[in-house]
Amino acid sequence: MFQKITVQTKINAPVTKVWEYYTNPKHIVNWNNASIDWHTPSAKNDLRVGGKFSYRMESVDGKNGFDFEGVYTDVIDNSSIKYSMEDGRNVSALLTQSGEQTNIEVTFDAETENSIELQRQGWQAILDNFKSYVENK
């Protein structure tokens, strides 16, 4: 059984814009990194139950990289996404609009290689980068 970790943020944008930026590969490549040392040079996303996604994540210097991949298990437009990663861990993202803001809450199964706090910080940094991208577009 995996330990669950939750990260969240409030974005000053309507849920329809947040959903589009969160799921469209042309936007994903612009925000999906935890630090300026990393980037996502390519992203593919088949956003439907049974559909697959793959984001290529690499260090800017090109020395490290990996494919972040999964299969969607549940998709409710402008509301929630659930997916399973290749190693069997699960992730859920819940979007809720409140006035002119959208809250995103992402809960994921922790892996065992890195500390819980390091994982929380990394996923939160990506979500914070996403917030900044959406609010500045």
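Numbering of residues begins at 1 and proceeds along the displayed sequence.
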Backbone of Y21 reached by a side-chain donor or acceptor of W31 within 3.5 Å: yes

What are the two closest heavy atoms between V60 and I36, and how far apart are they? CG2-O, 3.4 Å

Could you label the plane-to-plane angle of the F53 and Y72 rings as parallel, tilted or perpendicular, counting under 30° as parallel and over 60° as perpendicular? tilted

Search all heavy atoms of V75 against all heavy atoms of V49 and return the closest pair with its distance. N-CG2, 3.9 Å

Could you give me the CA-CA distance, side-chain angles and deciding distance for W19 and L95, then say whether side chain to side chain contact (heavy atoms under 4.5 Å, CB included) is met? CA-CA 8 Å; W19 180 266; L95 288 73; 4.0 Å; yes

Rounded distance (nearest 0.5 Å) linking atom CG of N32 with atom CZ of F130: 10.5 Å

Using modelled atom types only, decide if a donor and an acceptor are shared between the side chain of Q124 and the backbone of Q8 within a distance under 3.5 Å. yes

Check whether I28 and V91 end up in the same hydrophobic cluster, where Ile, Leu, Val, Met, Phe, Trp and Tyr are linked by side-chain heavy atoms less than 4.5 Å apart. yes

If every non-hydrogen atom of A43 is compared with every non-hydrogen atom of P25, which pair is closest and at what distance? O-CB, 3.3 Å

Y55 backbone acceptor or donor facing T40 side chain under 3.5 Å: no

Using side chain to side chain contact (heavy atoms under 4.5 Å, CB included), reason through D128 and V7 one step at a time and then give a plain yes or no. CA-CA 10 Å; D128 291 346; V7 295; over 6 Å; no

What is the distance from atom CD of Q3 to atom CD of Q119, rounded to the nearest 0.5 Å? 8.5 Å

Is a side-chain donor-acceptor pair under 3.5 Å present for T102 with Q97? no

Is it true that a side-chain atom of Q101 and a backbone atom of K10 form a donor plus acceptor pair closer than 3.5 Å? no

Check: N136 side chain, S132 main-chain N or O, donor-acceptor pair, under 3.5 Å: yes

Go through it in stages, so that I can follow the logic: the residues are Y22 and V106, the test is side chain to side chain contact (heavy atoms under 4.5 Å, CB included), and I'd like the CA-CA distance, side-chain angles, deciding distance and then a yes or no. CA-CA 12 Å; Y22 195 72; V106 178; 3.7 Å; yes

Determine the minimum heavy-atom distance between E135 and N12, stating which atoms define it. OE2-N, 2.7 Å

Quick check: closest heavy atoms across D67 and S54, and the distance to 0.1 Å? CB-OG, 4.3 Å

Between T73 and K82, is the side chain to side chain contact (heavy atoms under 4.5 Å, CB included) condition met? List the steps. CA-CA 5 Å; T73 58; K82 293 180 182 176; 3.4 Å; yes

Determine the minimum heavy-atom distance between E20 and N24, stating which atoms define it. OE2-ND2, 2.7 Å

In terms of relative ring orientation, are F68 and Y83 parallel, tilted or perpendicular, with 30° and 60° separating the classes? perpendicular

Check whether D109 reaches the backbone of N90 with its side chain - one donor and one acceptor, N or O, closer than 3.5 Å. yes

What I want to find out is whether E117 reaches R120 closely enough, with some N-O distance under 4.0 Å, to be called a salt bridge. yes

Using the rule that Ile, Leu, Val, Met, Phe, Trp and Tyr join whenever any side-chain heavy atoms are under 4.5 Å apart, tell me whether V18 and Y133 fall into a single cluster. yes

Decide, yes or no, whether a salt bridge links D46 with K44 under the criterion of side-chain N to carboxylate O below 4.0 Å. no

